[in-house]
Amino acid sequence: MSSSPATTAREWVSARSWDRFVGTPESAVLDVKSGVYRLDDPASAGELIKDVAAFANSRGGLLLVGFGTRVENGREIIDELKPVPAGLVDVDRYRKLVRDRVRPLVRNLSVVFYPVDDERGVLVIDIPVQPETAKPFVVPGPDGRRAPTAVGVPIRDADATHWLSHDDLQRLLSTGWNAADSPRADIIDALHEAVAAAVPAPPRPNHPEVGEGAGRQRRNFTTAYAAGGGQTALGHATQPVAAVGPGLIQPLAGRDGAPGSVLTVVPNRSGAVVAGDIWDDLCDAGNAADLEMSINNVGLPLAPDTSPLLICSDAQTVELEGGRWGQGRLVQVSPGGRLLWRPHTSRDFETHHNNFAIGELPELHLRVLLDVAWQSWKYGPQSLPVAVRQRHRDLLTESGLAAHVSRLSQGQGRDVVAPVWNLVSGSNSNHSAISSHVRAQITAPDGPLEVTVDSVLQTGNWRSPSSVLATIDLGINLRHMLKPESTQTMRSRLSIVDLVDALVMMWDAVVSLPEALEPNFARLPYAAPPFVVFYIHAGTAAPDAGNEGVARQLNLPDVLDLAPLGDGPHDVSRTQTGLRIVGPFEPDRAARQRLVADSLSDLALGWGFLSADVNGLLAN
């Protein structure tokens, strides 16, 4: 004679044959859960006593906590073993809750936790067949939170649990009522008192309401909470709304020990539901141990104006707003890795770094400086090894800047001269234990220097151990850049197009230099927004014969051909200018060219070239 399904399942449990359950459908005597019942949550605790009473009201059965299911042809099929953390299971509390909340007492109830490994296991709740005279088993009804005397009768129907309908409950009670031949009033009163005593009112939740403390923004919280699935999906709030960074937040309780979601609202925006692990990444991205300061740095999720934003655990990009670091986003830069903060590329004219020159100041000096800092990164060796310095030199040799320097020399009408890059040492270098200095030079046929390129790569010091500074200086002596057949005595000037090309080539080269120190730097989290600063500096003219050997300070119009900018002032007495790009690693070559051109156009407008349009010039 074959065993019943319940007997077979109990045999598998006794033998710890968990794999035998995989592929088995749920049934009237078998139900599985992927996560533990959270007894501190009234709704989850209510699910437990409802499920136990439903089996007790039918033929008994097994509740297995630690399995996942899939839907196949409308049925729940046990799909995989998913052991639950042992620390989340207290079998004594499970037994006590069922004993206190289910009436009458479920006989011979078994609650056992079976370890699968050192930290996880399967919780088995075995409800034996109960005597018919003990039925029905009643529990607090679906509205029991509002009416403590209300009860319900859950029943097991195939592979699901349902509440006994009002009509069925009335017929069931009517049968007992008529059999007792209309019980006396004192019996009815005693029955009411017994039901009230057997089913005490659930404790009033001690957690705050969603949106509590948000003032006028409360509706945004409740709307986002509802859009995310409400308490069933998100759990309850763990604390009132708090002001953090540029907006308001409210944490929610997680399920099965997982991080809870967080509700966020930025003024004049809808609310957002941020998955717990994404919220953790957001807090880490701000590079501060204090939550307030960290969120202040990076901001909060950018929600639409009118509809809530739901950010799930598998999100790969999260747009942010309101951060002190400027506009940015969270991005998954490596498969399966955490989301890191990355800035949106922007430009401004903040040039606070020291604009020093290396060696003798040429007639036109261009500088690009990279400043980047990473969280908890520190270069290991106390002194840069030779391999790092050589890699610094090789990166420049392989860069497009090397070819551009050659083209500058070619403009004088002679053969292309390839620059030779060398490590610099001695009194005229910026070589030190934590810095590397590389130089390339091209000289005219008659000996004077035409073009000089210097680059310094420096690791962080004791004040900022996680930072890297890299500079490239391009010096051009324009008086030597005349074609041999020319008889003009005017100084040559660099065109605006050539200026843009030179700055972009220098940009390309400087952002590659951290590779010499950290080959995987693109995957590191930033400690602050990275940026590049561009300097354009007019130098001094060498003394000409007859002017008593006095060098003259040049202005920008002396070294740059500003005529293509259109009509403008004829007395631009500026010796230098500059601009800054935040987020220098992101844009491609074409975007970099547009950013530099737009910045130069804005600078020219400020000088009085009211029709300046560098982008239009570059398009021709």
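The analysis underlying the following values was restricted to heavy atoms, covering all of them including side chains, and did not include hydrogens, waters or symmetry mates. Position 1 is the first residue of the sequence, and the numbers go up from there.
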Rounded distance (nearest 0.5 Å) linking atom [atom1] of [X] with atom [atom2] of [Y]:
{"X": "Leu282", "Y": "Asp280", "atom1": "CG", "atom2": "CG", "result": "9.5 Å"}
{"X": "Leu252", "Y": "Leu234", "atom1": "CG", "atom2": "CG", "result": "6.0 Å"}
{"X": "Leu560", "Y": "Ile496", "atom1": "CG", "atom2": "CD1", "result": "5.5 Å"}
{"X": "Thr577", "Y": "Leu603", "atom1": "OG1", "atom2": "CG", "result": "4.0 Å"}
{"X": "Ile581", "Y": "Leu595", "atom1": "CD1", "atom2": "CG", "result": "5.0 Å"}
{"X": "Leu401", "Y": "Leu474", "atom1": "CG", "atom2": "CG", "result": "7.0 Å"}

Pairs of donor and acceptor atoms involving the side chains of residues 304-311, under 3.5 Å and at least two apart or interchain, shall be tabulated with distances.
unit_1: Asp305; atom_1: OD1; unit_2: Arg269; atom_2: NH1; d: 2.9

Taking the six-membered ring for Trp and the single ring otherwise, decide whether the centroids of Trp377 and Phe521 are under 6.0 Å apart. no
Looking at Asp348 and Arg580, is any side-chain nitrogen of the basic one under 4.0 Å from a carboxylate oxygen of the acidic one?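 Answer for the salt bridge query: yes.
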Determine whether the side chains of [X] and [Y] contain a donor N or O and an acceptor N or O closer than 3.5 Å.
{"X": "Asp277", "Y": "Ser313", "result": "yes"}
{"X": "His437", "Y": "Ser429", "result": "no"}
{"X": "Asp498", "Y": "Ser495", "result": "yes"}
{"X": "His344", "Y": "Glu319", "result": "yes"}
{"X": "Glu292", "Y": "Asn296", "result": "yes"}
{"X": "Asn297", "Y": "Arg324", "result": "yes"}
{"X": "His431", "Y": "Ser436", "result": "no"}

Can you tell me if [X] uses its side chain to pair, donor with acceptor, with the backbone of [Y] under 3.5 Å?
{"X": "Trp341", "Y": "Gly328", "value": "no"}
{"X": "Ser466", "Y": "Trp374", "value": "yes"}
{"X": "Gln375", "Y": "Pro525", "value": "no"}
{"X": "Gln553", "Y": "Thr540", "value": "no"}
{"X": "Asp290", "Y": "Met293", "value": "yes"}
{"X": "Ser601", "Y": "Ala597", "value": "no"}

With salt bridge (charged side-chain N to carboxylate O under 4.0 Å, His left out) as the test, would you mind laying out the steps for Asp558 and Arg552 before giving the verdict? CA-CA 11 Å; Asp558 295 323; Arg552 180 174 64 88; 3.7 Å; yes
Mind running side chain to side chain donor-acceptor pair (under 3.5 Å) on Asn430 and Ser435 for me, showing each step along the way? CA-CA 7 Å; Asn430 277 305; Ser435 63; over 6 Å; no
Could you give all pairs that pass the salt bridge (Lys or Arg N to Asp or Glu O under 4.0 Å) test and reach residues 505-522, with sequence neighbours left out? Arg391-Glu515, Asp508-Arg589, Asp508-Arg592
Does the salt bridge (charged side-chain N to carboxylate O under 4.0 Å, His left out) test come out yes or no for Asp281 and Arg338, once each step is laid out? CA-CA 6 Å; Asp281 290 346; Arg338 64 189 179 105; 5.1 Å; no
